[in-house]
Amino acid sequence: MEEDQQAPRYRTIWLVLSFAIMIFGSALVGVHAWVDDVAKRYGATAETTRERVHSNRLIVDLPRHRDKPWNASIEEAMYVDYDDVPPVMREAILTSEDSWFFYHPGFNPFAIGKALLSQFGDDPRGGSTITQQIAKQVYVGSRRDFRRKFDELAISLWLEWHFSKRELLEFYFNTPFMGHNTKGLEAAARYYFGYSFKRERAQNVAFTPDMAASLAVTIKNPTGGNPTKPRNMGEARRLLLVMGLEPTVLTKKAVADTKLPRRFASHAFAKDRRLSDQFGSARDLAVERLDDKLGGRNARQASLDVVTFYSSETQLYLETAIEKHYPPIRSAGYDRLTAVVVDNATGGIAAIIAPPGTTLYPGSTVKPLLSLCAIVEKGWTAQTRVDDSPYGIPPVRNGDRRYLGRITLEQALAASRNPPFVRMMRTFGRSCANEVLERINTTFRFAGARDRSLALGAEPVKLMDLLDAYVTIATCGRVSNGPLILKQARDRATQTVVLEEKAEALPRNAKLTAAFGSLHTMLQATTGPTGTANGSRFVNDVAAKTGTSDDSRQITLITFTKAYTVLVSAAASDPGKLKRHLSSHVLVKMVSNLNANIHGGRDPGVLGCGPGMEVAGR
């Protein structure tokens, strides 16, 4: 009897539980669908997230910055891995920003409640978790409306579902604006304290808990509360005490001294050259290209978050190589230096020292481009014989004042002989070369002046046109639209992508691919014992071409590996004031040093254009 009475009660409990489970399950499905919809609207993917947190950022308002690109705001980043950040820095970040980070699902309802209550007091605070801040910085933006906050919450959940807590914390180390044009902990530590988390053993500066606290509190107020401001000192001291650490420099007496920042963050006050100063050429080029591509009336009004292909680390390697090897070249009278590093995987400019619209006298660097006509249209090979003997009136001379007679095309390129290429130009005509250049979708053309001058590179050409042709050859046509600088531009208010650039490959063409491969082989010989770029081989497979203008006013060296294309050129603004006339071979040490550093001791692989190559950007 009693069992009969309890049976309906159990059925009721099961019905209630089943109903609750159904409601909970439906809610989960609904939340999942909502999160996926918001993530899709913002284009959130694992690859996009990683790409954005690794990138520098420009904030460009085209109406204001078109003619004054130097005013565009810069957030310079240098990515640092989780393991490179010391525990005290991690603890300072978590204590200051989100002590429940490892326990919440992306949002903290208690923190949100406290933030709401604080709005009615004298010290209003935010309730965003670290994950929500990543969502705002990487995807949602900072526009002020309720929909953005809900979008931020959805993206936060999406991030938590797709990345581990460790990965998210690493992202956060690299995303916040830290004042003075720096983004992330590494750039900020370098700027304020002259310290690098990435190079712990290769520096004299010791990282301290005081520094960690100072950087951590900067995130809340990067402009008015960074380590160069007295306010930062007091906030950092309070954070250390909360962490249970006794401040060493930031004592109670010391933080009362308004002059403390100049001692504590002395590197920021004494440093003449900031990372962002080196970003100048890339920034100017990015603004110019934005204006070219977004010239419409509506686009001109947009304030844009711009991500470029520029790499701070690569730029630093370039600057270091210049500091080490350029002084004797400059003292000879070559007072203008141009340098560009292109990542062959993306076609993007990783480092640059050159204003937009730069031209140069390319010298013999045009010879491989002229050779494309003979190789593609006339069936020439590396072993085709050419004549290195007096030609024309007055006779075309070589730099060493000698002639080698009948030699191979490969030898002519490697030793940079002049008569064979003047003969080639006059025999086949510039139209033959230009037709092939058009087929490979490069902007470089042999135009104007006399054939003889064009064949010897004695007329100025646009830097980017010359690089465009070389990157196409170096990548075997996988990148036909380089060098790129703009990776992505997003409207700051809505974070809508308004421009995105990727490498574009040439249509597959056996003749062109074979020609590129042939040039790879021949230009590798240029780095050999009898080549004009001898000494360039920091690894086995390095191709190169030197170029010296006829009056030695400009010297140029272009190298490429499977990974990078590098151009360095030195010019005299007044050739009449040259103290010594140098050949382009003097650039070899500088470029070899640069190449060794940007390749990081890794062999990029074998050059050549064999089958089965992947298309960049796809």
Side-chain angles (χ1 to χ4, degrees), residues 24 27-28 31-32 34-36 38-39 44-46 48-50 52-54 77 79-118 125-140 149-178 183-186 188-189 197-198 200 207-220 222 235-236 238-245:
F24 183 71
L28 282 179
V31 168
H32 203 286
W34 168 60
V35 169
D36 283 347
V38 175
T45 67
T48 301
T49 304
R50 289 192 175 92
R52 290 186 181 183
V53 298
H54 276 80
Y79 198 86
V80 62
D81 294 333
Y82 181 93
D83 288 332
D84 289 332
V85 177
V88 68
M89 185 72 252
R90 298 179 214 156
E91 183 185 353
I93 291 284
L94 291 170
T95 305
S96 176
E97 294 296 313
D98 187 358
S99 58
W100 288 87
F101 172 72
F102 283 102
Y103 308 102
H104 62 63
F107 66 97
N108 187 339
F110 298 106
I112 293 173
K114 288 182 180 179
L116 289 174
L117 291 174
S118 75
R125 297 176 180 272
S128 295
T129 63
I130 280 176
T131 315
Q132 286 175 289
Q133 291 181 60
I134 297 171
K136 179 175 72 173
Q137 292 157 355
V138 176
Y139 286 111
V140 182
K149 292 301 292 183
F150 281 108
D151 287 352
E152 181 184 291
L153 176 58
I155 295 295
S156 298
L157 292 171
W158 181 89
L159 288 167
E160 291 278 350
W161 296 347
H162 288 79
F163 299 99
S164 69
K165 288 289 188 179
R166 177 188 169 103
E167 287 177 303
L168 289 173
L169 192 53
E170 179 175 302
F171 292 166
Y172 191 66
F173 294 156
N174 292 281
T175 52
F177 177 59
M178 301 291 286
K183 176 188 172 189
L185 295 180
E186 174 69 10
F197 297 113
K198 299 160 71 72
E200 183 182 2
F207 191 72
T208 66
D210 297 67
M211 292 178 184
S214 179
L215 291 174
V217 301
T218 297
I219 296 172
K220 284 186 169 63
E235 294 290 338
R238 282 190 283 274
L239 176 57
L240 284 170
L241 295 175
V242 170
M243 293 167 62
L245 298 175

> Which residues pass the salt bridge (charged side-chain N to carboxylate O under 4.0 Å, His left out) test with E170, sequence neighbours left out?
Replying inline: none
> By salt bridge (charged side-chain N to carboxylate O under 4.0 Å, His left out), which residues pair with E91, not counting sequence neighbours?
Replying inline: none
Applying side-chain hydrogen bond (donor to acceptor under 3.5 Å, both in side chains), name anything that partners [X], two or more places apart in sequence or on another chain.
X    : result
T48  : T45
Q137 : T175
T95  : none
Y139 : T49

>> For F177, give me all partners under ring pair (Phe, Tyr, Trp, His ring centres under 6.0 Å), at least two apart in sequence or on another chain.
In response: none
Could you tell me which non-hydrogen atom of [X] sits nearest to which non-hydrogen atom of [Y], and how far apart they are?
X    : Y    : value
A212 : V88  : CB-O, 4.0 Å
L239 : A92  : CD2-O, 3.9 Å
Y79  : K198 : O-NZ, 2.7 Å
I219 : M178 : CG1-SD, 3.7 Å

Roughly how far, to the nearest 0.5 Å, is the [atom2] atom of [Y] from the [atom1] atom of [X]?
X    : Y    : atom1 : atom2 : value
L240 : E235 : CG    : CD    : 11.5 Å
F197 : D84  : CZ    : CG    : 9.5 Å
R238 : S96  : CZ    : OG    : 11.5 Å
F163 : L169 : CZ    : CG    : 14.0 Å
T129 : H104 : OG1   : NE2   : 4.5 Å
L185 : I93  : CG    : CD1   : 5.0 Å

>> Among residues at least two apart in sequence or on other chains, which ones pass side-chain contact (heavy atoms from CB on, under 4.5 Å) with K149?
In response: S128, E152
>> Suppose we screen for side-chain contact (heavy atoms from CB on, under 4.5 Å). Which residues come up paired with A154, at least two apart in sequence or across chains?
In response: W34, V35, V38
> Which salt bridge (charged side-chain N to carboxylate O under 4.0 Å, His left out) pairs, counting each pair once, include a residue from residues 153-167, with sequence neighbours left out?
Replying inline: R50-E167, D83-R166, E160-K165
> Tell me, which pairs form a salt bridge (charged side-chain N to carboxylate O under 4.0 Å, His left out) where one or both residues lie in residues 98-107, sequence neighbours left out?
Replying inline: none
>> I'd like to know if the side chain of E186 reaches the main chain of N174, judged simply by a donor and an acceptor atom lying under 3.5 Å from each other, with no hydrogens or angles considered.
In response: no
> So, do Y82 and F171 sit near enough that their side-chain heavy atoms are less than 4.5 Å apart?
Replying inline: no
>> Checking W161 against H32 for the side chain to side chain contact (heavy atoms under 4.5 Å, CB included) test, could you report, in this order, the C-alpha distance in whole Å, the side-chain angles of both residues, the deciding distance, and whether it holds?
In response: CA-CA 10 Å; W161 296 347; H32 203 286; 3.7 Å; yes
> Is it true that atom CZ of F150 has more than 12 heavy atoms of other residues, nucleotides or ligands lying nearer than 6.0 Å?
Replying inline: no
> After noting the C-alpha distance and the side-chain angles of L215 and F207, does the key distance pass the side chain to side chain contact (heavy atoms under 4.5 Å, CB included) rule?
Replying inline: CA-CA 11 Å; L215 291 174; F207 191 72; 4.1 Å; yes
>> Could you walk me through whether I130 and L94 satisfy the side chain to side chain contact (heavy atoms under 4.5 Å, CB included) test, starting with their C-alpha distance in whole Å, then the side-chain angles of each, then the deciding distance to 0.1 Å, before giving a yes or no?
In response: CA-CA 8 Å; I130 280 176; L94 291 170; 4.0 Å; yes
> Given the rule in the side chain to side chain contact (heavy atoms under 4.5 Å, CB included) test, do V138 and L159 qualify, once you have shown the distances and angles that lead to the verdict?
Replying inline: CA-CA 11 Å; V138 176; L159 288 167; over 6 Å; no
